[in-house]
S.K.: 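Can you keep this structure in mind? I'll have questions shortly.
Along the sequence shown, residues carry numbers from 1.
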Amino acid sequence: MTRPARSGAGWLRRLGRKGHLVLLAAAAPMAAQAASKPVVLDPVYIEPTTPVSFAVAGAPLCAVHIVEIVDIRRSPEMLGMLGGKPVLAPPDRTVWLISIVNGLKARGIAVDFSNPGVESPAVVNAHVTLQTAWIDAVQVSLNESAVFKIQAKGSDGRSIDQYYRGSASRMNWVLGDAEIKGGLNIAFSRALDAMARDLVGLCGKAASA
């Protein structure tokens, strides 16, 4: 005679209190491991939306030589903690930072990374510092923040020494890895918009008229 299949609830009843504790003890490490598994950002920056170009119609593109890019954050590898998951920068942070600043190209800047550490007298020279890059969640809100400092000087002697902040806040529906990975790009994009607007202003009458 074939015995009827036992339901999951039936098995749990037969386990009793000690059996429940054994199952919970076995499941706890797996749940903790899933919650604490780091989320590593993609290797390069990806535009969240099509950016606006600040290039002046009929004028040469504003040429900006990036003399250096510096990350002065206390823990450069750390970008936040969400739902028990550490959010980490990509392993090659130099490539990642260059890809972010390279976003100026889509905004009408002829950005150049050659000859790092050496200024070029014929173009705008810029020193870029990443001050802050952080993502966190408060209740159902997902918040991203990025702050860059730009010290730049044009060939005519005009200069800027400014902080550029990009931030975003949105509903945190799922808190999935894909959502976390793309979160900071919104903040980076808004900071790049502000940078491009000011850098074009250093490129002389041809670019800023």
S.K.: Testing Arg107, Arg190, Lys105 one by one against Glu47 for a salt bridge (Lys or Arg N to Asp or Glu O under 4.0 Å), which residue passes?
M.R.: Arg107

S.K.: Show the numbers, then the answer: is there a side-chain contact (heavy atoms from CB on, under 4.5 Å) between Ile69 and Ile98?
M.R.: CA-CA 8 Å; Ile69 305 176; Ile98 289 175; 4.0 Å; yes

S.K.: Any chain of hydrophobic side-chain contacts (each under 4.5 Å) joining Phe148 to Tyr45?
M.R.: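 Yes, Phe148 and Tyr45 fall within the same hydrophobic cluster.
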
S.K.: For Ala168 and Ile186, which heavy atoms make the closest approach, and how far apart are they?
M.R.: CB-CG2, 3.4 Å

S.K.: Keeping to residues at least two apart or across chains, list the ring pair (Phe, Tyr, Trp, His ring centres under 6.0 Å) pairs with something in residues 59-111.
M.R.: Trp96-Phe188

S.K.: Is the shortest side-chain heavy-atom distance between Ser120 and Asn125 below 4.5 Å?
M.R.: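 They are in contact (side-chain heavy atoms under 4.5 Å apart), so the answer is yes.
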
S.K.: Testing the basics here: between Arg74 and Pro76, what is the closest heavy-atom pair and its distance to 0.1 Å?
M.R.: O-CD, 3.5 Å

S.K.: Using side-chain contact (heavy atoms from CB on, under 4.5 Å), reason through Arg93 and Glu77 one step at a time and then give a plain yes or no.
M.R.: CA-CA 8 Å; Arg93 290 191 298 275; Glu77 73 286 349; 3.7 Å; yes

S.K.: Do His127 and Ile150 have side-chain heavy atoms sitting under 4.5 Å apart?
M.R.: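 No, side chains not in contact.
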
S.K.: Do Leu82 and Trp134 belong to the same hydrophobic cluster, where Ile, Leu, Val, Met, Phe, Trp and Tyr are linked whenever their side-chain heavy atoms lie under 4.5 Å apart, directly or via other members?
M.R.: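 Hydrophobic grouping puts Leu82 apart from Trp134.
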
S.K.: When you look at Asn143 and Ile135, which way does the side-chain contact (heavy atoms from CB on, under 4.5 Å) test go after all the steps?
M.R.: CA-CA 6 Å; Asn143 307 302; Ile135 179 170; over 6 Å; no

S.K.: Looking only at non-hydrogen atoms, find the nearest pair between Val40 and Pro90 and report the distance.
M.R.: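 Of all heavy-atom pairs spanning Val40 and Pro90, the closest is CG1-CA, 4.0 Å.
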
S.K.: Closer than 3.5 angstrom, by distance alone: can the side chain of Ser53 be matched with the main-chain N or O of Ala55 as a donor-acceptor pair?
M.R.: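 Yes; judged by distance alone, with no hydrogens or angles, the pair exists.
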
S.K.: Same hydrophobic cluster for Val147 and Leu79, using side-chain heavy-atom links shorter than 4.5 Å among ILVMFWY?
M.R.: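 Looking at the clustering, Leu79 is in a separate group from Val147.
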
S.K.: For the side chain of Asn115 and the backbone of Val118, is there at least one donor-acceptor N/O pair under 3.5 Å apart?
M.R.: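 No: the side chain of Asn115 does not pair with the backbone of Val118.
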
S.K.: Just how far is it from atom OH of Tyr164 to atom CZ of Arg197, taken to the nearest 0.5 Å?
M.R.: 9.5 Å

S.K.: Any idea which heavy atoms bring Ala106 and Pro51 closest together, and the distance?
M.R.: CB-CG, 3.5 Å

S.K.: Could you walk me through whether Leu130 and Ile72 pass side-chain contact (heavy atoms from CB on, under 4.5 Å), step by step?
M.R.: CA-CA 6 Å; Leu130 178 60; Ile72 65 167; over 6 Å; no

S.K.: If you group Ile, Leu, Val, Met, Phe, Trp and Tyr by side-chain heavy-atom gaps below 4.5 Å, do Val101 and Val70 land in one group?
M.R.: no

S.K.: Considering all heavy atoms of both residues, which atom of Val39 and which atom of Lys85 are nearest to each other, and what is their separation?
M.R.: CG2-CD, 3.8 Å

S.K.: Taking atom types as modelled, find out whether Ser167 and Ser145 have a side-chain donor-acceptor pair closer than 3.5 angstrom.
M.R.: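 Looking only at side-chain atoms, Ser145 and Ser167 do not form any donor-acceptor pair under 3.5 Å.
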
S.K.: Find out if a path of hydrophobic residues (ILVMFWY) with successive side-chain heavy-atom gaps under 4.5 Å connects Ile160 to Ile66.
M.R.: yes

S.K.: Might you point out which heavy atoms bring Val123 and Ala63 nearest each other, and give the distance in Å?
M.R.: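 What the structure gives for the nearest pair is CB-O, 3.5 Å.
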
S.K.: Please say which of Ile109, Asn102, Leu104 ends up in a side-chain contact (heavy atoms from CB on, under 4.5 Å) with Leu192.
M.R.: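 Answer after filtering Ile109, Asn102, Leu104: Leu104.
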
S.K.: Between Asn185 (side chain) and Ile46 (backbone), is there a donor-acceptor pair under 3.5 Å?
M.R.: yes

S.K.: Would you say that Leu41 contacts Leu184 through its side chain, given a criterion of any heavy-atom pair below 4.5 Å between the two side chains?
M.R.: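 SC-SC contact between Leu41 and Leu184 confirmed.
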
S.K.: Less than 4.5 Å apart, any side-chain heavy atom of Val124 and any of Leu199?
M.R.: yes

S.K.: Return the set of residues passing salt bridge (charged side-chain N to carboxylate O under 4.0 Å, His left out) with Asp71 (not counting sequence neighbours), or none when no residue passes.
M.R.: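 Partners of Asp71 by the salt bridge (charged side-chain N to carboxylate O under 4.0 Å, His left out) criterion, ordered by chain and then number, come out as Arg73.
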
